[in-house]
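Read through the structure below, which is laid out as C-alpha cells, and then see the notes.
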Amino acid sequence: METVTHSSPFDSFLDRMRNPASLDLVRSIKSFIVSFSYTASNPETNGKRIQEFFQTMEDAIRDHPLWASSSDDETDNALEGLEKYVMTKLHSRTFASTPEDVKIDAEISEKISLLQTFLRPQHLDIPSALQNEAAWLLAEKELKKINAFKAPRDKLLCIINCSRVINNLLLNASISEDHVPGGADDFLPVLIYVTIKANPPQLHSNLKSIQLYRRQSKLVSEAAYYLTNLVSAKSFILDLNAKSLSIEESEFMESMEAARLVNRVPQETVTTIDNRSKFGKLMDPGPSTLLHVKTQTNINGGSNYPYMEAEAGELTVGDVERLLSLYKDVVTKYTSLCNTVRHLSVSRTQRHDESLREPNGTHKDTCSKETEKRS
C-alpha cells in the first residue's frame, strides 16, 4: 500500500532545483507564487490558474536539459514534486479560503459529532459480515490524517489508503463469510460510517483542495473512484435525515436532540468576579460580588470567562474553591446527561431489534400503541 510518508519525488525535485542549470525554472515557479499575493482569492479561478501553470511547467520540464535523458517516471516524479512545492507555498491562500468553505466545514463537523452519539452500522444497512471494528479503526486512522498534509497528492493518498482498507474488508468478507460482494452498494455505506466515526477535520475543504489543485491527469482510475465516493459520502452526511437511515423518525429526532444537549456550549454561567485590573487579576470575592455574566464566544473560538486570562499565582483560596465547586457541578451534570443519552440510545436500538423479530405488521401496531401512550 502506498503511504503518504513516501517523499522521494519531492526530495528529487528539490535536488534538481538546486542545480544552477534550473535557474530559469526556479524563477518561473517563484514568480507564479508571488503573483498570488496580488489577486483576490477565488477558488475556481485559482484552480484554473494553477492547472494551467502545471501544464506549462510540464512542457518546460520535459524540454529542459536536466530531464533530457529522464524516463517518464522520473519526469512524473518531478511534476509531483512541483505540485507539492507550489501547493505547500500557496496553502494559506487556497485552502478553506472563503467564508462559505469555512461554514460548510463547520456544518459537517457539527452534524457528524451529533451522529456519532447514536448512529450504528444497522442504521446504514451494513451487513453483519462487513462489521469489523479493527478494520474500521484502521480506515478511520488513515482518513484522519488528511488534514495534516498540505499537498493535494498527500491528501488524496489518505483517501486511497482508507478506501483500500475498506476494499480489503469487503474482499475478506466475500471469502470467509460467504458474503456476495455488492460493489458500491457495500462500499459506500461502510465509507460513510467510517467517515462519521473519524470526523476528519475540514472535510469539505480537503476534498475541494484535491478536486481543484491535484493535477487533473492524476484524477483517474482508482484515485478518481475513491475520491468520488468520499465526495458522495460527504453530501450524504450533509443531507442526512431519518429517511436516509433505517430508523424511526421519532427516534432519530429524539437522538439528535439528546446529542445536541450533550454537545451544547452553555451560553450563560454564574461566575464570581470582583474588581480586576486590565490584565484580569482576581481579588478574593465577598458575598456581594456574585454577578450573572453572559459568556459569549468570540470569532476565534475563545471566550470572555473571567478566569481565562488569570495566572495560577493570581487565584485566591476563594477563587479555587469556587472553581472546584463549578467543576464538580459540570462533571456531575455532564455524566448524568451522558448516561441518559446512552440509555436512550440502547433502549431505542433494542426496541428496534425486537420489532424486527415480530411478524409482519406487528411493529407498526406497537409503534402506534406507544404513540397513543405518549399522547
Side-chain angles (χ1 to χ4, degrees), residues 4 7 9-67 75-109 145-159 200-219 223 227 231 234 298-302:
V4 293
S7 59
F10 185 58
D11 294 335
S12 176
F13 170 76
L14 292 180
D15 287 340
R16 296 218 186 187
M17 288 297 104
R18 295 187 184 101
N19 190 311
S22 67
L23 183 60
D24 55 332
L25 296 178
V26 173
R27 285 175 175 169
S28 296
I29 295 170
K30 289 186 175 181
S31 176
F32 177 77
I33 292 173
V34 170
S35 69
F36 261 76
S37 302
Y38 303 103
T39 57
S41 180
N42 183 300
E44 283 67 31
T45 301
N46 289 345
K48 183 178 180 180
R49 284 186 62 197
I50 288 173
Q51 292 295 337
E52 290 175 350
F53 177 72
F54 286 158
Q55 185 58 57
T56 299
M57 289 302 299
E58 179 175 350
D59 296 337
I61 287 174
R62 291 187 182 280
D63 294 337
H64 200 277
L66 283 177
W67 282 271
T75 302
D76 188 65
N77 283 343
L79 296 173
E80 294 286 26
L82 171 68
E83 179 189 282
K84 183 168 185 174
Y85 181 84
V86 171
M87 295 315 303
T88 299
K89 292 292 185 181
L90 295 178
H91 184 261
S92 62
R93 293 277 300 171
T94 58
F95 185 79
S97 57
T98 68
E100 182 65 19
D101 290 337
V102 174
K103 178 182 177 183
I104 295 176
D105 281 331
E107 288 177 356
I108 295 175
S109 181
K145 296 176 183 178
I146 192 171
N147 207 46
F149 299 94
K150 295 181 179 180
R153 173 181 179 270
D154 293 340
K155 293 179 182 294
L156 183 57
L157 282 176
C158 294
I159 297 173
Q202 298 180 284
L203 178 60
H204 167 74
S205 291
N206 277 295
L207 291 174
K208 188 172 182 178
S209 175
I210 296 170
Q211 291 173 307
L212 289 177
Y213 306 122
R214 178 64 172 140
R215 285 191 297 142
Q216 295 302 300
S217 61
K218 294 297 181 180
L219 291 180
L227 176 62
V231 171
K234 181 207 74 172
N298 63 34
I299 194 170
N300 295 320

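Just so it is clear, the model here is predicted, and its values are computed rather than measured.
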task = List for me each residue that meets side chain to side chain donor-acceptor pair (under 3.5 Å) alongside Gln211, sequence neighbours excluded, and say none if there are none.
result = none
message = Please give me the minimum heavy-atom distance between Ile210 and Pro152, naming the atom from each residue.
response = CG1-O, 3.9 Å
task = For residues Pro43 and Tyr213, report the shortest heavy-atom separation together with the two atoms involved.
result = O-OH, 3.6 Å
ask   = Considering residues at least two apart in sequence or located in another chain, which fulfil the salt bridge (charged side-chain N to carboxylate O under 4.0 Å, His left out) criterion with Glu80?
value = Arg153, Arg214, Arg215
ask   = Which atom names give the shortest non-hydrogen contact between Val102 and Ala96, and what distance separates them?
value = CG2-O, 3.9 Å
Hey, can you pull the donor-acceptor pairs under 3.5 Å for the side chains in residues 23-30, sequence neighbours left out?
unit_1, atom_1, unit_2, atom_2, d
Asp24, OD1, His64, NE2, 3.2
Ser28, OG, Asp24, O, 3.1

query = Taking only residues at least two apart or on different chains, which pairs with a member in residues 90-108 satisfy salt bridge (charged side-chain N to carboxylate O under 4.0 Å, His left out)?
reply = Asp101-Lys208
task = Decide yes or no for Ile50 and Thr94: does some side-chain heavy atom of the first lie under 4.5 Å from some side-chain heavy atom of the second?
result = yes
request  = Please list all pairs passing the salt bridge (charged side-chain N to carboxylate O under 4.0 Å, His left out) test where one or both residues lie in residues 53-64, with sequence neighbours left out.
outcome  = Glu58-Arg62
message = Using side-chain heavy atoms (C-beta onward) and a distance below 4.5 Å, is Asn46 in contact with Leu212?
response = no
ask   = Can you list the residues that meet the side chain to side chain donor-acceptor pair (under 3.5 Å) rule with Asn19, with sequence neighbours excluded?
value = none
key: Phe95 side chain near Lys155 side chain, heavy-atom distance below 4.5 Å   = yes
request  = Could you tell me which non-hydrogen atom of Asp15 sits nearest to which non-hydrogen atom of Arg18, and how far apart they are?
outcome  = OD1-NH1, 2.9 Å
ask   = Rounded to the nearest 0.5 Å, how far apart are OG of Ser217 and CD of Gln55?
value = 8.0 Å
request  = Applying ring pair (Phe, Tyr, Trp, His ring centres under 6.0 Å), name anything that partners Phe53, two or more places apart in sequence or on another chain.
outcome  = Phe32
task = Under the salt bridge (charged side-chain N to carboxylate O under 4.0 Å, His left out) rule, collect the residues that match up with Lys218, sequence neighbours excluded.
result = Asp76
request  = Report the residues that fulfil ring pair (Phe, Tyr, Trp, His ring centres under 6.0 Å) with Phe13, sequence neighbours left out, ordered by chain and then residue number.
outcome  = none
task = Quick one: list whatever passes side chain to side chain donor-acceptor pair (under 3.5 Å) with Ser22, sequence neighbours left out.
result = none
key: Pair listing, salt bridge (charged side-chain N to carboxylate O under 4.0 Å, His left out) test, anchored in residues 34-48, at least two apart   = none
query = Step by step, would you call Phe36 with Arg49 a side chain to side chain contact (heavy atoms under 4.5 Å, CB included)?
reply = CA-CA 10 Å; Phe36 261 76; Arg49 284 186 62 197; 3.9 Å; yes
request  = Apply the test side chain to side chain contact (heavy atoms under 4.5 Å, CB included) to residues Asn206 and Ile159: give CA-CA distance (whole Å), side-chain angles for both, the deciding distance (0.1 Å), then the verdict.
outcome  = CA-CA 10 Å; Asn206 277 295; Ile159 297 173; over 6 Å; no
ask   = Is there a donor-acceptor pair closer than 3.5 Å between any side-chain N or O of Thr56 and the backbone N or O of Glu52?
value = yes
ask   = How far apart are the closest heavy atoms of Ile146 and Pro200, and which atoms are they?
value = CG2-CB, 4.0 Å
task = Could you tell me the separation between the CG atom of Leu82 and the CE atom of Met87, rounded to the nearest 0.5 Å?
result = 10.5 Å
key: Those residues that, when tested against Lys234, pass side chain to side chain donor-acceptor pair (under 3.5 Å) (two or more places apart)   = His204
query = Side-chain contact, heavy-atom cut-off 4.5 Å: Leu219 with Leu156?
reply = yes
message = If you compare all heavy atoms of Trp67 against all heavy atoms of Ala78, which two are closest, and at what distance to 0.1 Å?
response = NE1-CB, 3.5 Å
